[in-house]
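Computed from heavy atoms alone, side chains included, the values below leave out hydrogens, waters and symmetry copies. Just so it is clear: chains get the letters A, B, ... in the order the sequence lines come, proteins before strands, and each one is counted from 1. Here the structure is a predicted model, which is why all the values come from computation and not from measurement.
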Number of protein chains: 2
Amino acid sequence: MIRLILEAFLPYRLHRLGSVISQKLKGVYGRKYGMTVPDWRVLSTLGQFVQLTAKAIGTHSAMHKTKVSRAVAALEKRRWLARSRNPDDRREELLTLTTAGLKAYNDIVSDMIGFESALTERLGVKNVAELETVLMQLEQALDISEQSSPSSQRTTSAE
Amino acid sequence: MIRLILEAFLPYRLHRLGSVISQKLKGVYGRKYGMTVPDWRVLSTLGQFVQLTAKAIGTHSAMHKTKVSRAVAALEKRRWLARSRNPDDRREELLTLTTAGLKAYNDIVSDMIGFESALTERLGVKNVAELETVLMQLEQALDISEQSSPSSQRTTSAE
DNA sequence: GGTTGATGGTTACATTTGTAACTGAAATAA
DNA sequence: TTATTTCAGTTACAAATGTAACCATCAACC
């Protein structure tokens, strides 16, 4: 007869931590721009990589293609994003942020960075360093050590 | 003009880590019992605390009350869970796992613990110890240092 | 007592998300 | 060349989730 103490269970703690933090971040762009999570994921991915296809955004951000499609449509409607057909392969659309999109992106990002530094400040340099190390270990153990390129595929679609 | 490298951004990494892990765990009870995430949350909370109201389960597991209500109904249909009115307050229902429910719970939990130990083994004792420390720090910094009792309230409803 | 407001839980309805079918375009093969 | 298959992206439909209204009960107040 086993009993699992959730508060002491590593996966539970990690998941809760991640949820609470992303919940707080959602508050930032949610309140400020009325953006949804998928919207923000597309915006941030595109902000980082400048130009991508919807497919690439999906694989990099682990979002279902329909979710991406809808978020892209939403951002386009705000005129934060522009599409253009790839002349070399007319199935694909190359997506980029417009000036307005970049402006919003930069604004949100500076808030995000503010949030992160507030957090790391609370932790202290030593803890942050340890955290970095252990995160890397975990990422390796779970085989998600990041390649920082949106072209490489992975087929899971995480929540 | 800022550029946020997502793979190096702490909140992003934490969230992704949590998602990937809980995705893998979902595989366990999903394949084995065809259970959904809300189902498992209710089952595990009830497994830990033996007897709770739906409300208490909701606050402890940060689930919306309708989600809890539906998961409870689903588990009841499997005869894994039994309800009984609280005679002292006939609005509440006291929920407990049946023998069958406990059996499934124990089975899944042993898999979960197996998963956790496989993970910590990969990390090594030193890293695990560091992880524990830093997680605690983070939980404190984010004000979710766990009280391990389902009675205390928090109003956020995380994803 | 009766009335009013809050609370635990369910249900109807709206929104979001995922699944599967589809469109247009490219690649492969005949 | 013209099938056939594969692929990027969208859309129709189904399943899951959240919002708001609801019912039953309790608590507070008259």
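- Applying the ring-ring contact (aromatic ring centres under 6.0 Å, His included) test to residues at least two apart or on different chains, the pairs with a partner in residues 66-94 of chain A are A/Y33-A/W80.
- To the nearest angstrom, C1' of D/dA8 lies 15 Å from CG of A/D88.
- Here the P atom of nucleotide C/dA25 and the CZ atom of A/R85 are 8 Å apart, to the nearest Å.
- Distance CG (A/N86) to P (C/dA27): 11 Å, rounded to an integer number of Å.
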Show your reasoning for whether side-chain contact (heavy atoms from CB on, under 4.5 Å) applies to B/L17 and A/I144.
CA-CA 8 Å; B/L17 220 48; A/I144 49 174; 3.6 Å; yes

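- Rounded to whole Å, the distance from CZ on B/R90 to C1' on C/dT7 is 15 Å.
- When only modelled atom types and interatomic distance are considered, A/E7 and B/H60 share a side-chain donor-acceptor pair under 3.5 Å.
- The closest donor-acceptor contact from the side chain of B/S61 to the backbone of B/R41 lies at 3.5 Å or more, if one exists at all.
- Computed from coordinates, the A/H64 NE2 to D/dA15 C1' distance equals 14 Å when rounded to whole Å.
- As a whole-Å value, the separation of A/I57 CD1 from D/dT10 P is 11 Å.
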Please list, for nucleotides 10-16 of chain C, all pairs of protein and nucleotide N/O atoms separated by less than 3.5 Å.
{"residue": "C/dT10", "atom": "OP1", "partner": "B/R83", "partner atom": "NH1", "Å": "2.4"}
{"residue": "C/dT10", "atom": "OP1", "partner": "B/E93", "partner atom": "OE1", "Å": "3.4"}
{"residue": "C/dT10", "atom": "OP2", "partner": "B/S69", "partner atom": "OG", "Å": "2.7"}
{"residue": "C/dA12", "atom": "N6", "partner": "B/R70", "partner atom": "NH2", "Å": "3.3"}

Check residues 128-137 of chain A and write down every donor-acceptor pair under 3.5 Å in which the side-chain atom is one partner and the other belongs to a residue at least two apart or another chain.
{"residue": "A/E130", "atom": "OE2", "partner": "A/K126", "partner atom": "NZ", "Å": "3.3"}
{"residue": "A/E132", "atom": "OE1", "partner": "B/R13", "partner atom": "NH1", "Å": "2.9"}
{"residue": "A/T133", "atom": "OG1", "partner": "A/A129", "partner atom": "O", "Å": "2.8"}

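- When rounded to the nearest whole Å, the span between NZ of B/K67 and P of D/dA16 equals 12 Å.
- Annotation: ring-ring contact (aromatic ring centres under 6.0 Å, His included) contacts of B/Y29 (sequence neighbours excluded): B/W40.
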Tabulate protein N/O versus nucleotide N/O from nucleotides 2-7 of chain D, keeping only pairs under 3.5 Å, one per line.
{"residue": "D/dC7", "atom": "O4'", "partner": "A/R91", "partner atom": "NH1", "Å": "3.4"}
{"residue": "D/dC7", "atom": "O2", "partner": "A/R91", "partner atom": "NH1", "Å": "3.2"}

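- To the nearest 0.5 Å, the span separating OG1 on A/T36 from CG on A/L43 amounts to 10.5 Å.
- At whole-Å resolution of the value, CE in B/M63 and P in D/dG18 are 10 Å apart.
- Atom CZ of residue B/R83 and atom OG1 of residue B/T53 lie 12.0 Å apart, to the nearest 0.5 angstrom.
- The side-chain contact (heavy atoms from CB on, under 4.5 Å) test applied to B/S69 returns no partner, not counting sequence neighbours.
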